[in-house]
Amino acid sequence: MNDIEKTDRYQPADIETKWQTRWAQRDLFRTSDDPSKPKFYYLDMFPYPSGDLHVGHVRNYAIGDAIARYRVMNGFAVLHPMGWDAFGLPAENAAIKNQVHPRDWTLRCIERMHEQFAKLGIAFDWNHEVTTCLPDYYKWTQWLFLQFYKRGLAERRAANVNWCPSCATVLANEQVKDGACERCNSTVEQKTLTQWFFKTTAYAQRLLDDLDALEWPERVKTMQRHWIGRSEGVSFHFPVRTSPPVGGVGGGEAKTIEVFTTRVDTVFGVTYMVLAPDHALVGDLVRGTEFETPAEEFKNHVALQKDEQRDRGDDIPKEGIFTGAYCINPMTGEDVPIWLGNYVVSDYGSGAVMAVPAHDQRDWEFAKAHDLAIKVVIGPPSPPAPLPIRFAGEGSRLELGSVSLSDVESAFPLPSPAKRIGRGAGGEGELGAYEEYGVLINSGEFSGLSSADAKTKIAEFMEANGIGKRTVNFRLRDWCLSRQRYWGCPIPVIYCEDGTIEAVPEDQLPVLLPTDVKFTGQGGNPLLTSDTFLNATDSQGRPARRETDTMDTFVDSSWYFLRYCSPDSADAPFRAEEVGRWMNVDQYVGGIEHATMHLIYARFFNKVLFDTGMAPTSEPFARLFTQGMVTMYSEKEDKVLKMSKSKGNVVALDHAVSRFGADATRMATLYLGPAEIDAEWDRDSDKVFVGPYRFLEKVWRLALARPFTANWREIIGEVSPADVKLRRKTHQTILKVGADIERFSLNTALAALMEFSNTLQEWHSKRMKDEGGSLSENAVYSEAIESLLVLLAPFAPHLADELLEQLGFASSAYEMAWPKGDAELAKEEEIVMPVQINGKLRARLTVPADSDEETVRQAALGDADVQAQLGGAAPKRVIIVPGRLVNIVA
Ligand code: ANZ
């Protein structure tokens with residue numbers, strides 16, 4: 001199509017290194033300190049430095065780079081930093097395996113990742129780099145811990161942990177596989193250890209309230225609301241009988257069981273009590289009885305079941321045992337047998353549930369499994385005429401008010417089959433608890449009230465009579481931050497001989513990780529092998545022992561976005577004026593897997609720092625975008641999985657870049673589909689690159705195909721009708737690409753650029769045939785090419801800069817202004833559409849060629865001729881054939 005010589009062909013390898021070197025030499029991506037520019041803080045979730053990047057990672061950084069570059073070109077001062085979440089288990093495991101120090105291993109990985117980011121040409125400002133495992137960072141993590149400690153927001157207390165007896169170490173839930181240690185396969189035990197906690201629960205309400213105003217995906221907000229789990233209910237006590245009930249005469253009632261319920265309207269339907277197997281009272285209830293050993297065994301058995309599964313208890317088989325003890329329902333005086341159950345967890349509410357099997361599906365399943373009574377106390381909203389309920393009193397069932405299953409079925413034809421299906425999987429066929437609100441029955445003086453009224457009335461009654469009180473419960477737990485690991489931030493406290501705890505004085509920070517440790521792989525915290533570390537001196541000069549727990553790495557990542565603002569701050573974790581300038585983060589981007597833990601911890605941290613006056617905003621991340629991940633077929637597992645080295649389904653960045661160049665690699669990852677959705681990488685990997693690569697080749701050819709006129713703005717003047725279409729496309733593309741980038745729709749932005757290049761190509765081929773060559777024609781072409789290159793720069797920055805240079809530009813696209821789209825020029829021409837009424841041509845409509853159906857419809861029905869024909873009657877149907885015809889059936 002033109003006479004470009006072979007040497008002028010697109011050669012990504014040459015131009016990419018050239019531009020990377022130039023950008024680095026010029027420190028082009030240094031954050032602007034121009035205070036007159038509006039600020040834009042773009043934050044990618046920082047990576048764990050694991051070494052090699054693959055195209056799945058590239059997608060994340062390509063998204064961020066496109067947006068950050070776009071903002072810069074639009075006149076913003078953009079902070080676009082990168083750093084390393086550099087503490088953590090993999091480095092420690094690598095140390096054990098390869099006898100290399102975790103620090104060396106980590107720093108080597110970081111170096112390697114630096115190279116790869118450079119190869120990709122991502123516009124990070126490395127002047128803001130942070131590395132959490134280096135003392136200049138973790139000194140401040142320790143300092144922040146001490147501020148929390150001073151404010152009573154960090155405390156030490158006992159907690160249950162997974163313990164591997166042979167590794168002598170605590171295991172995270174993810175390291176327990178089917179009740180066994182992932183590494184050595186020994187049976188995992190539950191152990192109580194004293195651990196450090198951050199009191200996230202103190203911020204539960206604010207973490208919930210402030211979610212509303214955030215511009216976050218609704219899905220993430222919902223996950224956080226669920227995680228925080230606010231419930232309104234009533235807490236009250238069931239006194240424990242000290243002797244078994246005999247004919248309703250009780251023994252002493254010294255002990256009580258506290259319950260929390262969201263359905264106090266069902267209190268008359270309690271037929272048994274369930275305690276968490278590790279509830280504090282269990283020992284007292286069973287001591288010295290035949291139930292003591294079974295209770296202990298049951299506790300150990302349940303301890304191996306996963307907490308998350310037990311937590312809501314919906315999908316697990318309901319296991320339990322009787323304790324032999326009874327308590328008393330304070331509202332009815334009835335005896336209630338006390339059971340232990342696997343579906344009740346000790347750290348929610350009070351660890352005890354008043355079970356109402358007729359109205360709670362979990363209780364229903366439990367009652368069915370253990371043959372316990374079911375008493376109906378809520379009927380459907382408009383109850384049928386009173387039905388004869390037989391109060392059965394046979395067998396082992398409770399005497400008072402108990403009904404058999406068939407009584408329930410015949411008394412209350414349940415509202416709809418759907419409602420009868422329990423939440424639990426499997427279980428008792430389709431019959432289950434009636435969990436809806438309704439009208440109270442069998443509930444003493446409260447019978448006849450609606451559930452809603454009864455909840456208020458019973459709560460008021462309990463409060464007036466000192467039985468209980470309304471409470472709010474949160475599912476959110478305090479954050480256990482202790483890890484018995486070496487490669488983490490040491491917790492800066494020491495234990496004195498007299499048992500007191502001393503915070504390490506701030507001027508002695510950081511507490512450095514010692515180097516004289518042994519990584520034996522034998523388990524236990526390697527820090528215990530360092531005498532220099534262990535032995536400390538307290539404030540009185542007496543010998544003391546240093547804390548060997550290190551912090552959960554989520555602590556490091558809870559404040560890195562603040563440190564990015566002033567990475568070199570030496571006398572505070574960050575400087576007020578810099579966090580004042582940059583916070584909060586305008587756009588945070590990361591995986592949905594961080595919807596809860598990280599994004600809750602970071603919000604909590606930021607709130608505490610806001611309260612101390614250190615952080616300028618109460619929320620750290622104004623806008624959040626969760627990008628989808630890249631998946632690929634894994635030979636190893638014979639299915640499509642998240643791209644990862646361990647699954648053997650990766651396309652390495654190095655491989656991609658050396659074959660297709662960084663620009664095509666970046667574009668290929670963006671072109672996969674909408675950025676928020678997971679996308680599958682083709683098994684025939686080269687296929688994915690071909691489209692973007694050919695497109696870049698085409699841009700290359702087009703840009704050099706005709707003489708470029710830098711001053712096209714001055715000479716563009718009257719555009720000949722033959723060139724209007726190209727000019728229109730130019731302005732349409734400018735408007736579309738900008739709008740698409742703003743809404744993270746990068747794949748459609750790329751599609752628009754590709755379409756634009758096709759229009760340009762067609763125009764050019766046609767022009768080669770005509771003689772062409774007018775001034776105005778060159779100007780239209782030059783405008784199109786310049787726009788194309790500048791619009792392409794956020795995606796393919798190397799190619800854009802190279803071609804701009806070849807066309808005579810002295811600066812990088814990074815320094816150029818984003819083109820301004822002219823809506824007038826972008827406007828489609830108008831078309832005439834015939835309007836038929838009952839098959840007869842009645843009017844001609846002039847509408848913009850790109851009108852949507854609704855616009856055409858409105859125009860047709862508003863047309864004077866059409867209105868006259870219809871004579872005020874509404875048409876039966878309006879059929880629109882886009883761009884061609886309107887058909888009205890009157
Ligand atoms: C009786 C009852 C009757 C309940 C009924 C529900 C329906 P949220 O806060 O929404 O999760 N519960 C209380 N503590 C528990 C624990 N430690 N482990 C397991 N379950 C527990 O719901 C609170 C409800 O969960 C409480 O209300 C209690 O069961 C149960 F028709 O009390 B309910």
Side-chain angles (χ1 to χ4, degrees), residues 160 201 204 208 225-238 257-282 302 305-316 318-320 327 329-332 336 338-367 372 374-380 408 412 414 419 422-424 432-443 446 451-452 454-455 458-459 462 468 470-477:
N160 288 339
T201 51
L208 187 67
R225 286 191 189 107
H226 188 85
W227 186 268
I228 297 166
R230 184 182 195 276
S231 292
E232 284 178 17
V234 178
S235 292
F236 62 104
H237 294 263
F238 282 62
I257 298 172
E258 186 182 5
V259 297
F260 167 75
T261 180
T262 48
R263 289 296 303 272
V264 76
D265 56 316
T266 65
V267 65
F268 287 82
V270 176
T271 56
Y272 62 98
M273 171 71 64
V274 204
L275 304 185
D278 52 343
H279 190 285
L281 214 65
V282 178
V302 173
Q305 299 178 348
K306 286 215 162 157
D307 252 19
E308 320 86 84
Q309 274 166 14
R310 287 182 53 208
D311 199 2
R312 287 208 166 243
D314 288 350
D315 297 327
I316 52 168
K318 304 294 176 296
E319 298 172 346
C327 57
N329 183 336
M331 291 298 287
T332 62
V336 177
I338 305 172
W339 284 66
L340 306 182
N342 64 341
Y343 69 106
V344 177
V345 290
S346 57
D347 56 356
Y348 183 64
S350 60
V353 171
M354 59 170 231
V356 186
H359 304 293
D360 182 282
Q361 185 60 22
R362 297 161 297 184
D363 299 342
W364 170 279
E365 287 166 16
F366 191 87
L372 291 156
I374 296 170
K375 180 185 173 191
V376 175
V377 292
I378 307 285
V408 179
F412 294 105
L414 293 168
K419 295 213 169 109
R423 287 175 295 176
Y434 175 67
E435 296 190 323
E436 312 299 304
Y437 275 17
V439 173
L440 270 68
I441 53 169
N442 294 330
S443 297
F446 301 98
S451 289
K455 279 171 83 166
I458 297 176
M462 286 182 160
R470 274 173 271 214
T471 31
V472 172
N473 248 321
F474 290 94
R475 198 156 283 278
L476 184 75
R477 314 285 156 90

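Keep in mind that the numbers below use all heavy atoms, side chains included, and drop hydrogens, waters and symmetry copies. Both ligands and their constituent atoms are indexed starting at 1 by order of listing. Numbering starts at 1 and runs along the sequence shown. Just so you know, these numbers come straight off a predicted model, no measurement behind them.
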| said: Taking the six-membered ring for Trp, are Tyr272 and Phe366 closer than 6.0 Å centroid to centroid? | reply: yes
| So do Asp363 and Tyr343 actually touch side chain to side chain, heavy atoms under 4.5 Å? | yes
Under a heavy-atom criterion of less than 4.0 Å, does [X] contact ligand 1?
X	result
Asn473	no
Ser231	yes
Gly351	yes
Arg362	yes

Out of [options], indicate the one that has the non-hydrogen atom closest to [atom].
atom	options	answer
atom 20 (N) of ligand 1	Asp360, Asp363, Val353, Leu275	Val353
atom 4 (C) of ligand 1	Thr261, Val267, Asp347	Thr261
atom 31 (F) of ligand 1	His279, His359, Gln361, Arg230	His359

| From OG1 (Thr271) to CG (Asn329), nearest 0.5 Å |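 Rounded to the nearest 0.5 Å, the OG1-CG separation comes out at 10.5 Å.
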| remark: So CD of Glu232 and OG1 of Thr262: to nearest 0.5 Å the spacing works out to 10.5 Å
| Out of Val270, Leu275, Leu281, Val336, which one pairs with Cys327 under the side chain to side chain contact (heavy atoms under 4.5 Å, CB included) rule? |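 It is Val336; the other options fail the test.
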| task | Just jot down the ligand 1 atoms closer than 4.0 angstrom to any heavy atom of Val356, in number order. | result |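 Result: 3 (C).
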| task | Decide, yes or no, whether a salt bridge links Asp347 with Arg477 under the criterion of side-chain N to carboxylate O below 4.0 Å. | result |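 Looking at Asp347 and Arg477, the cut-off is met.
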Before signing off on this row, confirm whether [X] and ligand 1 have an N or O atom pair separated by under 3.5 Å.
X	answer
Thr266	no
Arg475	yes
Val345	yes

| Check: Asn473/Ser231 side-chain N/O donor and acceptor closer than 3.5 Å |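 No, Ser231 and Asn473 have no side-chain donor paired with an acceptor closer than 3.5 Å.
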| query | Would you say the side-chain atoms of Tyr437 and Asp265 include a donor-acceptor pair closer than 3.5 Å? | reply |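 No.
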